[in-house]
Protein chains: 2
Amino acid sequence: MSEVRQPVPANDRETAANRDDKLELRLWLRLLTCSSLIEQNVRGALRLQFDTTLPRFDLLAQLDRAPDGLTMSELSARMMVSNGNITGLADRLAEEGLVKRTPSQRDRRSSHISLTPAGKKAFDTMTPVHEGWIDRMMAGLSRQEMQQLFQLLGKLKQSVHQNAVEADEGDKV
Amino acid sequence: MSEVRQPVPANDRETAANRDDKLELRLWLRLLTCSSLIEQNVRGALRLQFDTTLPRFDLLAQLDRAPDGLTMSELSARMMVSNGNITGLADRLAEEGLVKRTPSQRDRRSSHISLTPAGKKAFDTMTPVHEGWIDRMMAGLSRQEMQQLFQLLGKLKQSVHQNAVEADEGDKV
DNA sequence: TGATATTATTTTAAGTATAAAATAAATTGG
DNA sequence: CCAATTTATTTTATACTTAAAATAATATCA
């Protein structure tokens, strides 16, 4: 009847998971929903506007913040993915001429990955646009809400580190 | 010197990304860090304790909450992954005898996926343990902090839906 | 020293994920 | 009714991701 369609809740992980579930579980599902939502948006936009992927952009971003380059292990830790994953990603980006490997002098096992000029240029083109996407997606939150969210997520992060299910080394925060 | 090692900040996406970055970006990186952390923990625990994977568990969980089963499209929407992904996952789980496809009577294009008794049993074994992992990882937050976080993430979710970069249909919440 | 352990990376195999094209069935509008 | 469109799913090709094994180099310490 009406020409104005009412907003309809999107179907996501929270759809059928509610009332009777514990707060912890609902919180996790909502956190995952938010994270996935933003990730999908960024992923799609990177593909459409720059014909690249999120892992590639992420790797370039890590390198941009580390002018002296990073080892494979450091990249693996910061991006929180497996070693083998980084090997493949770095291979592809090196093929495209965006990153280069420099063998370490002190340790012949490791090498430093860094941006090539082409890689730096590509990243510098993308990053302000990327930042705009993030700003836009968070536009519905006030400054204060963002700060509060940031602080609460900091607490959550600490809690997960302290109570990790496995690999509980006890000395990471 | 001391026998008591001091906690050392873990290296993650936030490591080199700070001071000079905008709040929005830092918030996104922290959100992604939290999400990845929990995900990795759950993934590892599922593998160690039940020799299964997160996508499989996730699909079973979705079906458990929908006793009448779900179509491929519904699963795809709720798990926020592509259609083709669901096809493959459902194929593997069907091979393992945990889910079954029932052709729809009304629409010959679609089928309903549902848990088999074996699938239900497997899920019922895993879910209380899974819930314990989540509870444990969130143990550092008070009830009130969890509620606040839940509420703020709700706002964020809404904001992302409203300001999506692409596929902005304008009628989903 | 030299055996042992640890660390850094790559390789392998399998699974997970996407986008795009293909297939097939249902819906819509003339 | 029927041509055109939309919808549901699968297929294809490629990329990403992991865990585990393999390699190779470094560190440790009796």
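Protein chains get the first letters and strands the later ones, always in sequence-line order, with residue 1 at the start of each. Note: hydrogens, waters and symmetry copies are ignored here, and every other heavy atom, side chains too, is used.
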Take the protein atom [atom1] of [X] and the nucleotide atom [atom2] of [N], then report the distance between them rounded to whole Å.
| X | N | atom1 | atom2 | result |
| --- | --- | --- | --- | --- |
| B/Leu46 | D/dA19 | CG | P | 12 Å |
| B/Asp51 | D/dA19 | CG | C1' | 12 Å |
| B/Arg106 | D/dT7 | CZ | P | 16 Å |
| A/Leu48 | C/dT18 | CG | P | 15 Å |

Nucleotide by nucleotide, nucleotides 9-17 of chain C touches protein heavy atoms under 4.0 Å in the pattern (B base, S sugar-phosphate only, - none) BBB---SBS
Pairs meeting criterion ring-ring contact (aromatic ring centres under 6.0 Å, His included) with involvement of residues 40-77 of chain A, two or more places apart: A/Phe57-A/Phe123, A/Phe57-A/His130
State which residues pass salt bridge (charged side-chain N to carboxylate O under 4.0 Å, His left out) with B/Arg108; sequence neighbours excluded, sorted by chain then number. none
Side-chain donor or acceptor of A/Gln40 paired with backbone N/O of B/Met80 under 3.5 Å: yes
N/O donor to acceptor pairs below 3.5 angstrom from side-chain atoms of residues 145-153 of chain A, sequence neighbours left out:
residue, atom, partner, partner atom, Å
A/Glu145, OE1, A/Ser142, N, 2.8
A/Glu145, OE1, A/Ser142, OG, 3.4
A/Glu145, OE2, B/Lys155, NZ, 2.7

If only side-chain N and O atoms of A/Arg47 are considered, is one of them under 4.0 Å from the OP1 or OP2 phosphate oxygen of D/dA15? no
Looking only at side-chain N and O atoms, does B/Arg108 come under 4.0 Å of OP1 or OP2 in C/dA24? no
Can you pull out the residues from residues 29-39 of chain B that lie within a 4.0 Å heavy-atom distance of DNA chain C? none
In plain terms, say whether B/Arg101 and B/Asp91 are close enough for a salt bridge, that is, a side-chain N and a carboxylate O under 4.0 Å apart. yes
Name the residue from A/Leu156, A/Ile38, A/Leu32 that meets the side chain to side chain contact (heavy atoms under 4.5 Å, CB included) definition with B/Ser35. A/Leu32
Is there a side chain to side chain contact (heavy atoms under 4.5 Å, CB included) between A/Thr102 and A/Ser111 once you walk through the steps? CA-CA 5 Å; A/Thr102 309; A/Ser111 58; 6.0 Å; no
For residues 112-121 of chain B, tabulate all N or O donor-acceptor pairs below 3.5 Å that involve a side-chain atom, not counting sequence neighbours.
residue, atom, partner, partner atom, Å
B/Ser114, OG, B/Lys100, NZ, 3.4
B/Thr116, OG1, B/Gly97, O, 2.6
B/Thr116, OG1, B/Leu98, O, 3.2
B/Thr116, OG1, B/Ala118, N, 3.4
B/Thr116, OG1, B/Gly119, N, 3.0
B/Lys120, NZ, B/Asp64, OD1, 2.7
B/Lys120, NZ, B/Asp124, OD1, 3.4

